[in-house]
Amino acid sequence: NAGVTQTPKFQVLKTGQSMTLQCAQDMNHNSMYWYRQDPGMGLRLIYYSASEGTTDKGEVPNGYNVSRLNKREFSLRLESAAPSQTSVYFCASSVETGINAEAFFGQGTRLTVV
Amino acid sequence: AQRVTQPEKLLSVFKGAPVELKCNYSYSGSPELFWYVQYSRQRLQLLLRHISRESIKGFTADLNKGETSFHLKKPFAQEEDSAMYYCALRDDSNYQLIWGAGTKLIIKP
């Protein structure tokens with residue numbers, strides 16, 4: 001049981017390049033999330049999808065787009081990467097977004113924008 | 001504004017000593033609090049949640065509404081407890097988690 005799988009694990013981009021971070025979960029969870037983690041800060045929510053077919057902005061959505069392709073997959077796209085987007089990105093999923101729904105995390109993607 | 005503060009970036013204690021990782025929160029509603037842990041080369045995972053009032057791997061955490069704290073404690077630290085620990089608060093207006101910056105716990109032999 002793989003849980004939450006993120007690809008790639010590492011990526012270096014040049015400023016202005018685009019890329020898509022992929023995330024898939026095999027736990028039949030309804031809700032999926034994208035976070036970024038910067039040094040000295042907690043995880044910050046970029047976008048989330050409470051259920052298949054819906055997406056909503058989180059705390060720091062600027063510069064990103066997402067697609068909930070189906071119940072399993074939730075991708076994060078950087079259309080024009082900027083150095084400020086250098087970060088570690090985590091995908092997570094939960095059964096639902098309700099109180100006490102445990103979040104399950106991927107292993108993270110370390111992205112560097114030069 | 002909702003906020004979670006973990007005042008210690010790094011905490012280093014000897015094996016067998018008591019451990020307390022601090023977490024303070026600012027929240028206007030009734031808080032739902034969690035501790036997550038990330039061991040080396042492993043994924044971030046749930047350690048415990050306050051509503052369950054459980055003890056996991058010897059760790060406990062009590063919600064103190066008067067002090068707005070949810071400190072994580074263990075009476076006798078073990079080397080395998082070395083990890084990053086994150087405190088998180090569930091915002092019940094949108095059910096999203098608000099995270100602290102994390103504390104790196106190092107257990108010295």
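All values below were derived from every heavy atom in this structure, side-chain atoms included, with hydrogens, water molecules and symmetry-related copies excluded. Throughout, a chain's letter reflects where its sequence line sits, starting with A, and its residues are numbered from 1.
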Evaluate the salt bridge (charged side-chain N to carboxylate O under 4.0 Å, His left out) criterion for residues B:D62 and B:K73: first the C-alpha distance (whole Å), next the side-chain angles of each, then the deciding distance (0.1 Å), finally the verdict.
-> CA-CA 9 Å; B:D62 292 319; B:K73 300 177 183 180; 5.5 Å; no
Top contributor to chain B contacts, counting heavy-atom pairs under 4.5 Å, from A:A103, A:A92, A:G108 | A:A103
So which part of A:L43 gets closer than 4.5 Å to some heavy atom of chain B, the side chain, the backbone, both or neither?
-> both
Atom NZ of B:K108: over 12 foreign heavy atoms under 6.0 Å | yes
Residue that, paired with A:S93, satisfies side chain to side chain donor-acceptor pair (under 3.5 Å) out of A:K71, A:H29, A:E102, A:R72 | A:H29
Please determine, among B:I98, B:L97, B:L44, the option with the most heavy-atom pairs under 4.5 Å with chain A.
-> B:L44
Parallel, tilted or perpendicular: which describes the rings of B:H50 and B:F70, with under 30° parallel and over 60° perpendicular?
-> perpendicular
Looking at A:E59, A:Q37, A:R44, which makes the most heavy-atom pairs under 4.5 Å with chain B?
-> A:Q37
Heavy atoms from other residues, nucleotides or ligands near OH of B:Y39 exceed 12 (cutoff 6.0 Å) | yes
Under a 4.5 Å heavy-atom cut-off, does chain A meet the side chain of B:Q38, its backbone, both or neither?
-> side chain
